[in-house]
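Below you'll find the structure, written out as structure tokens, and then a few comments.
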Amino acid sequence: QVQLVESGGGLAQTGDSLRLSCATSGLTFSSYAMAWFRQAPGKRREFVATINTSGSSTHYAASVKGRFTISRDNAKNTVSLQMDSLKPDDTAVYYCAGSRSYPTTSSATQYDYWGQGTQVTVSS
């Protein structure tokens with residue numbers, strides 16, 4: 001059974017940092033591109049960042065580029081999202097996702113597995 005479990009969310013203030021982690025099991029982690037998406041209340045789920053299987057290639061949404069960093073540890077089957085200079089607009093539920101077939105894609109439909117999400121709330 002494939003499981004993706006996010007952690008590290010919480011309450012932050014503008015300018016703070018948070019680090020999200022996603023622990024995976026039940027899949028050959030090193031064969032999956034991984035990504036983070038987020039969904040704010042009343043809005044559609046949106047792409048945040050993705051990383052390829054080896055970690056050599058990353059891609060970010062324009063809204064987070066330069067503030068967020070995605071990384072992975074294939075030995076520990078985890079993917080992380082370092083979030084710096086947080087803004088209230090970053091408030092959302094953050095989801096990690098894995099794609100077996102696509103190296104780095106921002107399309108949610110191309111991800112095979114999803115976690116349950118972790119809430120990030122940024123106050124001004």
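None of these values were measured; they are calculated from a predicted model.
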Could you list the donor-acceptor pairs under 3.5 angstrom formed between side-chain atoms of residues 65-72 and any protein atom two or more places apart in sequence or on another chain?
unit_1: Arg67; atom_1: NH1; unit_2: Ser85; atom_2: O; d: 2.9
unit_1: Arg67; atom_1: NH1; unit_2: Asp90; atom_2: OD2; d: 2.8
unit_1: Arg67; atom_1: NH2; unit_2: Ser63; atom_2: O; d: 2.9
unit_1: Arg67; atom_1: NH2; unit_2: Asp90; atom_2: OD1; d: 3.0
unit_1: Arg67; atom_1: NH2; unit_2: Asp90; atom_2: OD2; d: 3.4
unit_1: Arg72; atom_1: NE; unit_2: Thr53; atom_2: O; d: 3.3
unit_1: Arg72; atom_1: NE; unit_2: Asn74; atom_2: OD1; d: 2.8
unit_1: Arg72; atom_1: NH1; unit_2: Tyr32; atom_2: O; d: 2.8
unit_1: Arg72; atom_1: NH1; unit_2: Asn52; atom_2: O; d: 2.7
unit_1: Arg72; atom_1: NH2; unit_2: Phe29; atom_2: O; d: 2.9
unit_1: Arg72; atom_1: NH2; unit_2: Tyr32; atom_2: O; d: 2.9
unit_1: Arg72; atom_1: NH2; unit_2: Asn74; atom_2: OD1; d: 3.3

ring-ring contact (aromatic ring centres under 6.0 Å, His included) pairs, two or more places apart, involving residues 37-64:
Phe37-Phe47, Phe37-Tyr111, Phe37-Trp114, Phe47-His59
What are the two closest non-hydrogen atoms of [X] and [Y], and how far apart are they?
X      : Y      : value
Asp112 : Ser101 : OD2-N, 4.3 Å
Val48  : Val64  : O-CG2, 3.5 Å
Ser124 : Pro88  : CB-CG, 3.9 Å

Other hydrophobic cluster members with Tyr102, side-chain heavy atoms of Ile/Leu/Val/Met/Phe/Trp/Tyr under 4.5 Å, chained?
none
Salt bridge (charged side-chain N to carboxylate O under 4.0 Å, His left out) contacts touching residues 41-50 (sequence neighbours left out):
Arg38-Glu46
Hydrophobic clustering (ILVMFWY, side-chain heavy atoms < 4.5 Å, transitive) - are [Y] and [X] grouped together?
X     : Y      : value
Ile51 : Leu81  : yes
Met34 : Val120 : yes
Tyr94 : Val79  : yes

Donor-acceptor pairs under 3.5 angstrom involving side-chain atoms of residues 1-11: please list them, not counting sequence neighbours.
unit_1: Glu6; atom_1: OE1; unit_2: Gln116; atom_2: N; d: 3.1
unit_1: Glu6; atom_1: OE1; unit_2: Gly117; atom_2: N; d: 2.9
unit_1: Glu6; atom_1: OE2; unit_2: Cys96; atom_2: N; d: 2.9
unit_1: Glu6; atom_1: OE2; unit_2: Gly117; atom_2: N; d: 3.2

If you measure only the distance, is there a donor-acceptor pair under 3.5 Å linking the side chains of Thr109 and Ser107?
yes
N/O donor-acceptor pairs under 3.5 Å from side chains in residues 14-22, not counting sequence neighbours:
unit_1: Thr14; atom_1: OG1; unit_2: Ser123; atom_2: O; d: 3.0
unit_1: Asp16; atom_1: OD2; unit_2: Gln13; atom_2: N; d: 2.9
unit_1: Ser17; atom_1: OG; unit_2: Asp84; atom_2: OD1; d: 2.7
unit_1: Arg19; atom_1: NH1; unit_2: Gln82; atom_2: OE1; d: 3.2

